[in-house]
Amino acid sequence: MRIQKIKAWFRRYPLMISVCYMAFYLAAFHWLEENVVPKYIIHCKLDELIPFCEEFIIPYIFWFPYIIGTFIWFYRRGWDDYIKLCQMIFSGLTVCLVIYYVFPTGLNLRLSSGPHETGTLYNLVVMLRAIDTPTNVCPSIHVMNTVMVFQAVCSLDNLRHRRFTVAVHFVIMVLICASTVLLDQHSVIDVVCGAMMSFVIHGLVYKVEWKTELSRRKERTEVRRI
């Protein structure tokens, strides 16, 4: 009976699902940051070829209001779309917490600041690094959640201005994912793992039959060519 009341309360106040989960997630992530020491340094040769680009601090920071705005947008679309987004992203975050505890990872990509490096954007990078330590990096939550949002948008029915909306979210996804490696916040390995996790969890939550979906898209492409 009590469980039914809780479900009814959350259905009446859907945004509280996100608020309550994020309170749990932030507390758990903070505990990991304070108590778990990285045992595995994530690195690959490709990381050394990627230049540092302080301009990408803009899409990196934009991720925070973007994710919040997406939840509000899905909430306004209706319960079914909103709850699927919650299931997908919150499942992914929970899996990440478990991975960070069992397989604690870190980075050594970030170089020390030089006296010649100044400017508003670079100062923002310095502030970010003071808050966001190079631990608990694989898979990348920035990448995983961003790809999940794009997948959720592509899965919406009756989406107005579909091509334009999907295109905008695609550009945002590319910029945010690129920012994680161009700011030395993540290794390419973290990005790949984050993207892979998003595809797996999206498939489970949205019950995607990948073979059927790929064949449908192939048919649509062939029709457009004709």
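Any value given below was found using the heavy atoms of this structure, including those in side chains, with hydrogens, waters and symmetry copies removed.
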Flag yes if more than 12 heavy atoms outside F164 fall under 6.0 Å of its CZ atom; otherwise flag no.
no

Can a side-chain donor-acceptor contact be found between H202 and S155 if the only test is distance below 3.5 angstrom?
yes

Do D132 and Y60 have a side chain donor and acceptor closer than 3.5 Å?
yes

Kindly write out the residues that satisfy side-chain hydrogen bond (donor to acceptor under 3.5 Å, both in side chains) with [X], not counting sequence neighbours, or none if the list is empty.
{"X": "T94", "result": "Y21"}
{"X": "E48", "result": "H43"}
{"X": "T146", "result": "W63"}
{"X": "Q87", "result": "none"}

List in chain and number order the residues that pass side chain to side chain contact (heavy atoms under 4.5 Å, CB included) with [X], two or more places apart in sequence or in another chain; answer none if no residue qualifies.
{"X": "M22", "result": "Y25, L26, F90, L93"}
{"X": "Y75", "result": "P14, L15, Y82"}
{"X": "A178", "result": "F56, L182"}
{"X": "V36", "result": "W31, L32, Y101, P104"}

If you group Ile, Leu, Val, Met, Phe, Trp and Tyr whenever their side-chain heavy atoms sit less than 4.5 Å apart, what else falls in with I72?
I68

If Ile, Leu, Val, Met, Phe, Trp and Tyr residues are connected whenever their side-chain heavy atoms lie under 4.5 Å apart, and connections chain through other members, are V37 and F29 in the same group?
no

For G92 and M144, work out which heavy atoms get closest and say how close.
C-CE, 3.5 Å

Excluding sequence neighbours, so at least two apart, what forms salt bridge (Lys or Arg N to Asp or Glu O under 4.0 Å) with R162?
none

What residues form a salt bridge (Lys or Arg N to Asp or Glu O under 4.0 Å) with D81, not counting sequence neighbours?
R77

Report yes if the distance between the aromatic ring centroids of H142 and F64 is under 6.0 Å, otherwise no.
yes

Scan the side chains in residues 190-198 for donor-acceptor partners under 3.5 Å anywhere in the protein, sequence neighbours excluded, and list what turns up.
residue, atom, partner, partner atom, Å
D190, OD2, H186, ND1, 3.2
D190, OD2, S187, N, 2.8
S198, OG, A195, O, 2.5

With no hydrogens and no angle check, is any side-chain donor or acceptor of T105 less than 3.5 Å from a backbone partner on C138?
yes

